[in-house]
Amino acid sequence: MKPSVLSAAILAATSMPLMAQDLPYYFTVGAAHTENEISVDHFGDHMKHSYTNEIALGYMLKDSLALEGSFVIPSVIQDDSRADIEQFRFSSLYFLSDDALKPYLTAGLGFEEMRTDGGSVSNALASVGAGVQYDSSERVFARAELRYDDMINEYPEHMNYVIEVGYRFGSAAAATASAAAAGSTVASNNMTDDSQLTAEEVNDLPATAAGIPAKSAFEDSDNDGVADSVDQCADTGKVAMVGSNGCDLIKTVEALLRFPLNKAGMPGKATAYLDQIAAQAKEDKDLKIIVKGHADETGSDEFNQFISMERAKTIGNYLMARGVSKDAIELKAMSDSQPIADNTTEEGRQLNRRVELTVE
């Protein structure tokens with residue numbers, strides 16, 4: 001097969017902003033039934049359908065978009081009377097849903113060589129298709145795809161009926177840690193010199209890790225980082241997570257630490273509160289943070305145990321990336337043993353896919 005000259009397409013795709021994933025890489029193996037009747041006139045004789053095997057390596061750019069390189073070779077069950085097809089294809093996949101069963105569209109470019117007893121032809125290839133993917137677990141999935149391949153400057157073209165299974169691997173923990181560290185650096189570089197704050201500026205400061213001034217700047221009787229003049233909950237103490245009004249936010253935090261089905265990525269809205277926990281833990285070395293991961297009842301016992309621990313690890317890794325000692329964090333996988341809502345409804349299952357934090 002001839003090498004592909006798709007540099008422009010690759011550069012355009014890889015220059016897109018990346019989104020952190022728990023398991024960003026994957027590979028697939030599959031088999032296809034390829035119709036060749038539409039290529040009969042090119043070779044001048046009857047052509048039987050071909051059987052092929054496919055293997056692909058992919059990367060999730062974000063939850064709805066994947067980039068994939070595929071190799072196609074004649075199947076091991078192919079006999080000599082059928083056309084041999086070899087192909088390299090570079091494709092993008094756009095997923096139309098974030099559910100376990102998700103339809104998708106695909107388009108790609110590549111090269112193909114087709115050989116029969118009557119001759120052979122090879123040229124650039126364009127393909128379009130559609131399919132459906134089912135995620136049976138966090139790592140394992142299956143696909144069924146209908147794809148149309150057309151040699152751009154030659155006659156042969158095919159309809160392909162493809163079945164594949166896939167496995168996700170890799171980790172974005174390091175990327176998450178780097179992003180968190182970068183965020184910490186930005187916050188540190190933008191902190192205001194407490195000695196230059198006016199009384200009005202002190203009262204307007206939010207209760208976040210980057211916005212809590214030194215105690216000398218204002219009176220803070222309960223040591224929660226919020227000035228007494230605006231503190232509406234005067235007995236929360238330093239172990240509590242509080243908002244700008246000084247009241248405990250632990251229930252709000254629990255509500256924000258929700259996860260989509262079969263996902264364990266960082267909930268974006270939770271980072272501000274986790275930053276505050278990290279700041280408290282770095283100040284008080286005796287604090288203990290208990291992180292409990294939970295699942296709904298839709299998965300198997302083994303998978304629910306796995307996904308609940310992965311969710312706990314996501315939060316634990318974020319806290320460690322913000323400077324919290326590993327010894328201060330205890331991770332627990334609760335599986336689906338402690339539901340807080342009805343698992344027979346989607347709304348209830350969404351509430352049960354959660355992480356709960358306890359600061360002692």
Legend entry - Rounded distance (nearest 0.5 Å) linking atom CD of Gln276 with atom OG1 of Thr271: 12.0 Å
Legend entry - Phe88 side chain reached by Leu125 side chain, heavy atoms, under 4.5 Å: no
Inset, instruction - Go through the structure and list residues passing ring pair (Phe, Tyr, Trp, His ring centres under 6.0 Å) with Tyr104, not counting sequence neighbours. - result: Phe95
Inset, instruction - Please check if the side chain of Ser91 supplies one atom and the backbone of Thr106 the other of a donor-acceptor pair under 3.5 Å. - result: no
Legend entry - Residues in side-chain contact (heavy atoms from CB on, under 4.5 Å) contact with Ala341, at least two apart in sequence or another chain: Leu351, Asn352
Legend entry - Shortest non-hydrogen contact between Asn304 and Gly299, atoms and distance: ND2-O, 3.2 Å
Legend entry - Main-chain N/O of Ile290 paired to Thr358 side chain as donor or acceptor, under 3.5 Å: no
Inset, instruction - Determine, stepwise, if the pair Glu112 / Arg89 fulfils salt bridge (charged side-chain N to carboxylate O under 4.0 Å, His left out). - result: CA-CA 8 Å; Glu112 178 179 294; Arg89 189 176 66 257; over 6 Å; no
Legend entry - Co-membership, hydrophobic cluster, residues Tyr134 and Val132, 4.5 Å side-chain: yes
Legend entry - Connected via hydrophobic side-chain network under 4.5 Å: Met334 and Phe259: no
Inset, instruction - Please tell me if the side chains of Phe90 and Leu67 come closer than 4.5 Å, counting only heavy atoms from C-beta onward. - result: yes
Legend entry - Minimal non-hydrogen separation, Thr314 against Ala264, with atom names: OG1-O, 2.5 Å
Inset, instruction - Take Leu93 and Leu105, measure what side-chain contact (heavy atoms from CB on, under 4.5 Å) needs, and give me the verdict at the end. - result: CA-CA 6 Å; Leu93 290 80; Leu105 302 174; over 6 Å; no
Legend entry - Nearest-0.5 Å distance that lies between atom CG in Leu61 and atom OG in Ser92: 9.0 Å
Legend entry - Evaluation steps, side-chain contact (heavy atoms from CB on, under 4.5 Å), between Ile315 and Met266: CA-CA 7 Å; Ile315 304 305; Met266 170 62 67; 4.0 Å; yes
Inset, instruction - Establish, yes or no, whether a centroid distance under 6.0 Å links the rings of Tyr25 and Tyr59. - result: yes
Legend entry - Any donor-acceptor N/O pair, Ser308 side chain to Ser335 backbone, under 3.5 Å: yes
Legend entry - Cationic N near anionic O, under 4.0 Å, Arg349 to Glu347: no
Legend entry - Any residue meeting salt bridge (Lys or Arg N to Asp or Glu O under 4.0 Å) with Arg143, in chain and number order, not counting sequence neighbours: Glu68, Glu164
Legend entry - Side-chain donor-acceptor pair present, Arg139, Ser137, cut-off under 3.5 Å: no
Legend entry - 4.5 Å side-chain heavy-atom contact, Tyr94 and Ser64: yes
Legend entry - CG on Asn317 to NZ on Lys326, rounded to 0.5 Å: 9.5 Å
Legend entry - Asp336 side, atom CG; Gln305 side, atom CD - distance, nearest 0.5 Å: 9.0 Å
Legend entry - Sidechain-backbone polar pair: Arg147 side chain, Ala107 backbone, donor-acceptor under 3.5 Å: no
Inset, instruction - Step by step, work out the side-chain contact (heavy atoms from CB on, under 4.5 Å) result for His158 and Met114. - result: CA-CA 11 Å; His158 324 280; Met114 183 177 183; 3.4 Å; yes
Legend entry - Co-membership, hydrophobic cluster, residues Phe306 and Leu261, 4.5 Å side-chain: no
Inset, instruction - Return yes if a side-chain donor-acceptor contact under 3.5 Å exists between Asn160 and Asp149, otherwise no. - result: yes
Inset, instruction - Measure the shortest side-chain to side-chain distance between Lys292 and Leu331 over non-hydrogen atoms and say whether it is less than 4.5 angstrom. - result: no
Inset, instruction - Check whether any side-chain N or O of Asp99 sits under 3.5 Å from a backbone N or O of Leu101 as a donor-acceptor pair, and report yes or no. - result: no
Inset, instruction - Provide the closest heavy-atom pair for Ile289 versus Ala281 in the form atom of the first, atom of the second, distance. - result: CD1-CB, 4.0 Å
Legend entry - Ile163, CD1 atom: more than 12 neighbouring heavy atoms under 6.0 Å: no
Legend entry - Tyr318-Asp275 side chain donor-acceptor pair, cut-off 3.5 Å: yes
Inset, instruction - Verify whether one side chain among Gln78 and Asp84 offers a donor that lies under 3.5 Å from an acceptor in the other. - result: yes
Legend entry - Under the ring pair (Phe, Tyr, Trp, His ring centres under 6.0 Å) test, residues paired with Phe141 that sit two or more places apart: Tyr26
Legend entry - Selection residues 293-307 - residue pairs positive for salt bridge (Lys or Arg N to Asp or Glu O under 4.0 Å), sequence neighbours left out: Asp296-Arg353
Inset, instruction - Measure the CD-NZ distance between Glu356 and Lys332 for me, rounded to the nearest 0.5 Å. - result: 11.5 Å
Inset, instruction - Tell me whether Ile277 is reachable from Met320 by hopping between hydrophobic residues (I, L, V, M, F, W, Y) whose side-chain heavy atoms are closer than 4.5 Å. - result: yes
Inset, instruction - May I ask you to test the Val165-Thr28 pair for a side-chain heavy-atom distance under 4.5 Å? - result: no
Inset, instruction - Look at Glu86 together with Arg115 and state whether they make a salt bridge at an N to O cut-off of under 4.0 Å. - result: yes
Legend entry - Glu157 backbone acceptor or donor facing Asp150 side chain under 3.5 Å: no
Legend entry - Joint hydrophobic cluster, Leu274 plus Val359, side-chain heavy atoms closer than 4.5 Å: yes
Inset, instruction - Could you tell me whether a side-chain N or O of Asp284 sits under 3.5 Å from a main-chain N or O of Gln280, the two making a donor and an acceptor? - result: no
Inset, instruction - Say whether, by atom type as modelled, one donor and one acceptor occur between the side chain of Arg354 and the main chain of Arg258 under 3.5 angstrom. - result: no
Legend entry - Residue pair Val29, Asn53: steps toward the side-chain contact (heavy atoms from CB on, under 4.5 Å) verdict: CA-CA 8 Å; Val29 292; Asn53 292 125; over 6 Å; no
Legend entry - Spatial distance of atom OG (Ser97) from atom CG (Asp63) [nearest 0.5 Å]: 11.0 Å
Legend entry - Any Leu357 side-chain heavy atom under 4.5 Å of Leu257 side chain: yes
Legend entry - Contacts of type salt bridge (Lys or Arg N to Asp or Glu O under 4.0 Å), residue Lys102, not counting sequence neighbours: Asp135
Legend entry - Donor-acceptor under 3.5 Å (Lys288 side chain, Asp327 main chain): yes
Inset, instruction - Identify which one of Glu145, Glu35, His33 satisfies the side-chain hydrogen bond (donor to acceptor under 3.5 Å, both in side chains) criterion when paired with Tyr161. - result: Glu35
Legend entry - Sidechain-backbone polar pair: Arg311 side chain, His294 backbone, donor-acceptor under 3.5 Å: yes
